[in-house]
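In what follows, a structure is listed as structure tokens, so that the remarks can point back to it.
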Amino acid sequence: MQELEEILSRQVSGFHRYCLEPLGLCYVSDNLCGLLKTTREALLDGAGYEGFVHPGDRERYRAFLETLARERRGGTIQYRLLRSDGQVLSVSDTLCVDGAMAGSVLSDISEMRDELGQLRFLSDTVPCGFLKYTCEKQPRITYINDRMLSMLGFPQERDEREELLEFYRGNLYALVPMEERRRMQQYLDRVQRGGGPLAGEVTALRCDGTKAHLFGWVTRAVDSRGEAEFQSVCMDVSQRYQSRKAAEIDRYLSALHEVYDKIFQYDFSASTVTCLYGRNSPMFRHLERIPMQMQEVTDRWVRDTVLPEDQQAVLDFFHAAFQRRQRAGLPQQLRYRARSSDGSWKRYMGIFLEIDSAVSLFCCRNLTASREADLKSENDSLKNINENMQELMMHFTDGIAAFEIDGDLVTPLYASDNVCGFFGFTRAEWMELMKQKTPTAQFVRRSRIPYEELAKILTQGEAEFTYSDLSTGLTRRIKAICSKRSQGSEPRYVMLYDLDAAPREEGPKVYIRTFGYFDVFVDDKPIAFRIQKAKELFALLTDRRGGYVTSDEAISYLWPEEPSSPVTLARYRKVALRLKSILEEYGIPQVVEVVDGKRRLATDLVRCDLYDYLSGRPEYAQLFKGSYLTNYSWSETTLGGLTGDNLIG
């Protein structure tokens with residue numbers, strides 16, 4: 001035992017020991033005394049060892065020790081020490097916990113720090129982010145450079161930055177959108193198994209909730225302690241991604257123009273609707289590319305043009321689309337009667353197609369008119385966009401396809417991989433078929449569509465097919481729309497949409513109580529909000545009933561006495577992160593959606609006494625007893641409306 005003490009005291013670099021109950025230094029070695037050029041008494045008395053920690057690192061060092069004492073889990077931290085002669089040492093401190101004691105070993109990394117300092121020019125001038133993180137199932141970030149922090153929108157002020165970074169260090173996946181995490185995990189698994197570096201494009205979450213698109217490399221390396229780690233180098237390609245996406249959407253719209261008479265863009269984050277295309281409609285063509293208030297314009301359009309008997313169904317359709325655009329699973333479709341530009345009543349079909357989490361397209365077409373006069377122009381248009389659409393449609397997620405049918409011959413124009421598979425062809429085979437005309441019966445022979453069914457599409461204009469997708473094992477549906485109704489019009493074009501009919505997984509049941517005190521229950525168990533402001537933010541989102549709340553709006557409610565400023569914005573970011581963290585802890589992160597820093601409650605994923613009461617159904621008429629969100633003074637506006645409604649009723 002005496003020999004062991006001698007080794008620890010003289011041979012192990014900077015060895016010292018902590019008692020964890022209460023937290024404090026209880027032993028220092030001769031080696032540590034020599035390293036700091038001081039005495040054992042100076043290290044154990046007064047400010048002790050902590051007094052030798054550089055003032056700029058002291059707070060971080062203390063927080064690290066407190067975490068170690070609380071979680072009883074070892075770790076490594078790098079910081080600076082001030083020797084008694086004034087020299088600054090950079091050290092790596094590794095601590096191991098054994099019961100109520102923790103042993104610490106120091107490694108002098110001053111020379112390594114100097115080398116890193118010489119490389120600072122490279123880090124500052126090359127627009128790359130550097131990231132190191134562990135190979136655990138939930139990777140921890142061990143190093144992140146300033147360029148990467150800037151890409152992710154971290155604040156410039158040091159204290160704010162450190163406070164936010166502390167939240168992310170423990171879990172790399174907090175920087176990845178929920179829908180991208182599985183793909184990121186598979187990506188890292190491939191690097192882990194293969195050992196070599198991989199390159200690719202990933203989506204990351206900035207601090208304000210917006211998304212950054214990064215291109216980078218991941219490699220597996222060994223750190224200074226001999227443990228495996230991941231290292232990444234990233235470049236911000238968000239601008240290029242947005243430009244590419246805009247070009248793809250433009251090409252997509254060009255294809256939709258051939259089937260639909262009018263196309264409207266609904267931007268749910270901005271609550272606007274814009275007419276992108278208004279064929280044969282002087283009114284809509286006059287309003288093209290002008291954003292208008294979504295709710296107001298939609299309601300007015302329904303009231304002024306839709307047949308009175310169909311108005312309620314159309315309003316219900318749009319209101320449901322506004323609330324459930326991401327969760328519906330299938331594109332939402334509608335049939336209605338409306339007054340056309342010539343004053344007559346005609347039948348229309350409309351459909352919502354999702355572009356991304358914030359934008360959807362409402363496309364509608366006249367089911368009454370034959371549109372024979374447009375044959376030649378549409379024919380030329382599809383052929384003109386054919387070359388540009390080929391590559392796009394092979395990757396577009398909606399699974400869209402089009403064909404030219406001339407008599408009994410068919411020529412595929414473009415399609416995504418899943419539609420190619422539906423017809424029984426590989427991508428390469430499909431590309432070859434696009435160069436020639438094939439007898440229709442031969443073309444459909446590999447698919448599960450009888451020739452008679454395809455003929456029915458051409459005569460009736462629409463059809464749906466259900467089939468089993470062998471690659472995924474899921475049941476899927478194809479909807480086909482033929483753009484030419486008349487049998488005498490040749491050639492004809494058929495457009496296909498892949499409708500995913502697979503049932504979605506049922507998540508935890510969420511119930512929100514607003515009458516009285518505010519509380520949230522997951523599978524009948526209440527959420528224990530550790531941060532009250534995070535709970536209040538969730539209450540505010542609930543009060544908005546699915547509407548988006550901006551950062552400035554949230555700050556005005558959460559801190560009504562303080563103006564919006566960098567300080568309150570940083571405080572709000574922290575609250576929003578805490579809310580995100582606790583929702584993930586309870587398995588319900590999807591109930592709050594974030595688009596460009598704005599937040600909303602996904603009302604279709606929750607049950608709420610307020611929403612039940614406002615539905616007007618008789619069984620919920622007695623839910624409201626006169627109190628609403630008693631915890632929060634800002635709820636009085638909604639309470640006044642509820643009280644007024646109750647008195648009127």
Decide yes or no on side-chain hydrogen bond (donor to acceptor under 3.5 Å, both in side chains) for D236 and S238, but give the supporting numbers first.
-> CA-CA 6 Å; D236 192 340; S238 300; 2.6 Å; yes

Derivation and outcome, salt bridge (Lys or Arg N to Asp or Glu O under 4.0 Å), residues D609 and R513 = CA-CA 6 Å; D609 54 1; R513 183 175 64 201; over 6 Å; no

Kindly indicate, with the supporting measurements, whether the criterion side-chain hydrogen bond (donor to acceptor under 3.5 Å, both in side chains) is fulfilled by Q239 and H213.
-> CA-CA 8 Å; Q239 188 172 357; H213 298 275; over 6 Å; no

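Listed for the E553 side chain is a donor-acceptor partner under 3.5 Å among the backbone atoms of T550. Judged by distance alone, the side chain of S360 and the main-chain N or O of F352 form no donor-acceptor pair under 3.5 Å. Side chain of Y611 to main chain of T542: a donor-acceptor pair is present (N/O by atom type, distance under 3.5 Å, no hydrogens or angles). Between the side chain of R206 and the backbone N or O of K211, at least one donor-acceptor pair lies under 3.5 Å. Between the side chain of Q265 and the main chain of T274, no donor-acceptor pair closer than 3.5 Å is present.
By the 4.5 Å heavy-atom criterion applied to side chains, R607 and D612 are counted as neighbours. I512 is not listed as a side-chain neighbour of L610, based on a closest heavy-atom distance of 4.5 Å or more. Between R600 and V549 the shortest side-chain heavy-atom distance does not fall below 4.5 Å. Residues L579 and L583 have side chains in contact (heavy-atom distance under 4.5 Å, counting atoms from C-beta outward). Residues Y348 and V314 form no side-chain contact, since every pair of their non-hydrogen atoms from C-beta on lies 4.5 Å or further apart. In this structure, F318 and M294 have side chains that are not in contact, with every pair of non-hydrogen atoms separated by 4.5 Å or more. Here the side chains of L361 and L276 are in contact, with some heavy-atom distance below 4.5 Å. Residues W634 and P560 fail the side-chain proximity criterion, which asks for heavy atoms closer than 4.5 Å.
Atom CD in E562 sits 4.5 Å away from atom CZ in R571 (nearest 0.5 Å). From E593, atom CD reaches atom CD of Q590 across 9.5 Å, with rounding to the nearest 0.5 Å. To the nearest 0.5 Å, the span separating CZ on R544 from OG1 on T638 amounts to 9.0 Å. Rounding to the nearest 0.5 Å places CG of L601 at 10.5 Å from CG of L540. In this structure, L629 CG and Y517 OH are separated by 12.0 Å, a value rounded to the nearest 0.5 Å. To the nearest 0.5 angstrom, Q293 atom CD is 10.5 Å from T298 atom OG1.
Ring geometry for Y613 against F624 counts as tilted: the plane angle lies between 30° and 60°, on a 0 to 90° scale. Ring geometry, Y511 versus F521: the interplanar angle falls from 30° to 60°, so the pair is classed tilted. Taking the six-membered ring where tryptophan is involved, the planes of F538 and F518 are perpendicular, since the angle between them exceeds 60° and thus also 30°.
For R182, the side-chain contact (heavy atoms from CB on, under 4.5 Å) criterion is met by Q186, not counting sequence neighbours.
Contact check on R240 versus E201 returns a salt bridge, with a Lys/Arg side-chain nitrogen under 4.0 Å from an Asp/Glu carboxylate oxygen.
When all heavy atoms of D552 and S564 are compared, the pair lying nearest together is OD1-OG, 2.9 Å. Here the closest heavy-atom approach between residue C207 and residue G153 is recorded as CB-O, 3.9 Å. Scanning both residues, D299 and L315, for their nearest heavy atoms gives OD1-CD2, 3.3 Å. In terms of heavy-atom proximity, V176 sits nearest to R181 at O-NE, 3.0 Å. A313 approaches L334 most closely through the heavy-atom pair O-CD1, 4.4 Å. Of all the heavy atoms in S627 and T630, the pair that sits closest is CB-OG1, 4.0 Å.
In summary, the aromatic rings of F317 and Y336 are positioned with their centroids too far apart to meet the 6.0 Å limit.
With hydrogens and angles left out, the side-chain atoms of T272 and D267 include no donor and acceptor closer than 3.5 Å.
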